[in-house]
Amino acid sequence: MTRIDGRALDELRPIEIIPNINKFAEGSCLIRCGNTHVLCTASVEERTPPHVGEGEGWVTAEYSMLPRANRERSKRDIAKLKLSPRSAEIQRLIGRALRAAVDMKALGERTITVDCDVLQGDGGTRTASVTGGFVAMSYALHKLVEDGVLASMPLKTCVAAISAGIVDNELMLDLCYEEDSAAMVDLNCVMTGEGELIELQGTGEGRGFTIDEQRRLVDLCAKGIKEVQEIQKAALGG
């Protein structure tokens, strides 16, 4: 089967991560996954939310799509006076994924907020936000070490994410918008550098899917995430 952009079934879209794109944020990057572009910035505050235990830090995320990130203009969340359910669900996913990478005691009583703003969306905005958000957060943490605020990096691992799906009964990696829209099954996967799963979000949209198909989709994602993590390392100078 020929994909809309000519890729192989197990091939990622071209991915580029441009670090330090924002001069004011403690950490930032622009991630481009094909035609999906997300600006990720990480900010540090010397305080934590009330629910966080004494001596521990916190990592959280916010996610938003600019009005013309898609094919038609959408209203800003602020215009609706509340966060859209989709944005709320995605930013919770990003926050969970990023927290899995950080030793909160080593971070100390401070909060890292990672803002993921979709400049252009063509499928995979949540997975691109996790991947780019980790790079932005890593730069912010490195600055804390460089400035002598932290004695060592509080990162326990790296995290990255990718999507896979079943389109016309073919398993595909890293779906673009047209593929995602036509997908019978859609699966988002977040993994650590050690290949451990942080989160799976799988949905049968056109039909159900089997346990074997789920495993094959996860294997496909694992292959893609290894490639994405190499791009992350290059962006971080590793």
Side-chain angles (χ1 to χ4, degrees), residues 1-15 31 33-38 61-65 69-72 74 77 80 82-100 116 118 120-134 159-192 194-229:
M1 180 179 178
T2 302
R3 299 180 71 171
I4 190 168
D5 51 10
R7 284 182 290 148
L9 297 178
D10 64 348
E11 185 178 355
L12 295 171
R13 290 176 288 180
I15 297 177
I31 180 167
C33 301
N35 288 319
T36 289
H37 303 167
V38 184
E62 293 192 9
Y63 168 96
S64 183
M65 298 189 76
N70 282 322
R71 285 148 182 79
E72 295 180 359
S74 61
D77 283 337
K80 296 173 280 189
K82 64 178 181 179
L83 195 63
S84 74
R86 179 180 180 274
S87 295
E89 183 254 324
I90 290 174
Q91 70 184 36
R92 285 196 293 267
L93 164 68
I94 299 166
R96 288 192 299 269
L98 298 180
R99 285 193 292 275
C116 300
V118 180
Q120 185 170 283
D122 188 45
T125 61
R126 73 185 66 196
T127 54
S129 295
V130 170
T131 298
F134 175 78
V159 292
I162 205 70
S163 70
I166 301 177
V167 182
D168 292 334
N169 292 311
E170 294 279 5
L171 276 70
M172 296 181 180
L173 180 65
D174 191 17
L175 305 183
C176 67
Y177 174 79
E178 288 82 4
E179 292 167 340
D180 189 46
S181 298
M184 300 170 169
V185 177
D186 181 39
L187 185 140
N188 297 299
C189 181
V190 184
M191 285 184 170
T192 68
E194 293 74 35
E196 295 178 336
L197 290 166
I198 297 299
E199 186 136 358
L200 283 179
Q201 296 182 334
T203 306
E205 311 226 7
R207 65 167 174 82
F209 56 106
T210 66
I211 296 296
D212 180 64
E213 285 175 326
Q214 179 186 336
R215 287 174 180 148
R216 289 165 62 200
L217 287 169
V218 172
D219 287 342
L220 197 55
C221 287
K223 173 189 177 295
I225 285 174
K226 284 182 181 177
E227 297 173 25
V228 170
Q229 287 169 342

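All values below were derived from every heavy atom in this structure, side-chain atoms included, with hydrogens, water molecules and symmetry-related copies excluded.
- Between atom CD of residue E170 and atom CG of residue L9 there is a gap of 5.5 Å, rounded to the nearest 0.5 Å.
- Formation of a donor-acceptor pair under 3.5 Å by the E11 side chain with backbone atoms of D174 is not found in this model.
- In this structure, T131 contributes its side chain and A161 its backbone to a donor-acceptor pair below 3.5 Å.
- The two atoms that bring Q91 and Y63 nearest to each other are OE1-N, 3.1 Å, heavy atoms only.
- A distance of 9.5 Å separates SG in C189 from CD1 in I198, rounded to the nearest 0.5 Å.
- Shortest non-hydrogen contact noted between G133 and L98 is C-CD2, 3.9 Å.
- Counting heavy atoms from C-beta outward, T125 and R86 have side chains that approach closer than 4.5 Å.
- A distance of 11.5 Å separates CG of D219 from CG of L173, quoted to the nearest 0.5 Å.
- R126 has no carboxylate O lying under 4.0 Å from a charged side-chain N of E199, or vice versa, which leaves the two without a salt bridge.
- Residues M191 and V218 are in side-chain contact: their nearest non-hydrogen atoms beyond the backbone lie under 4.5 Å apart.
- For T203 (side chain) and E205 (main-chain N/O), no donor-acceptor pair under 3.5 Å exists by modelled atom type.
- To the nearest 0.5 angstrom, I162 atom CD1 is 6.0 Å from C33 atom SG.
- Residues D122 and E178 form a side-chain contact, since some pair of their non-hydrogen atoms from C-beta on lies under 4.5 Å apart.
- Put simply, the side chain of L200 reaches to within 4.5 Å of the side chain of L187, judged on heavy atoms.
- Closest heavy-atom contact between C116 and I94: SG-CD1, 4.1 Å.
- Listed here is the closest heavy atom pair of T36 and A128: CG2-CB, 4.3 Å.
- Within a 6.0 Å radius of CZ in R207, other residues, nucleotides and ligands contribute more than 12 heavy atoms.
- Proximity of M184 to E213: side-chain heavy atoms (C-beta onward) are nowhere separated by under 4.5 Å.
- Residue V130 comes nearest to A160 through the heavy atom pair CG1-C, 4.3 Å, listed as atom of the first residue, atom of the second, then distance.
- For the atom pair CD1 of I31 and CD1 of I15, the computed distance is 6.0 Å after rounding to the nearest 0.5 Å.
- The CZ atom of F134 sits 8.5 Å away from the CD atom of Q229 when rounded to the nearest 0.5 Å.
- Formation of a donor-acceptor pair under 3.5 Å by the Q120 side chain with backbone atoms of N35 is found in this model.
- Shortest non-hydrogen contact noted between C176 and I4 is SG-CG2, 3.6 Å.
- Side chain of D180 to main chain of L175: no donor-acceptor pair is present (N/O by atom type, distance under 3.5 Å, no hydrogens or angles).
- Counting heavy atoms from C-beta on, the side chains of V190 and R96 never come closer than 4.5 Å.
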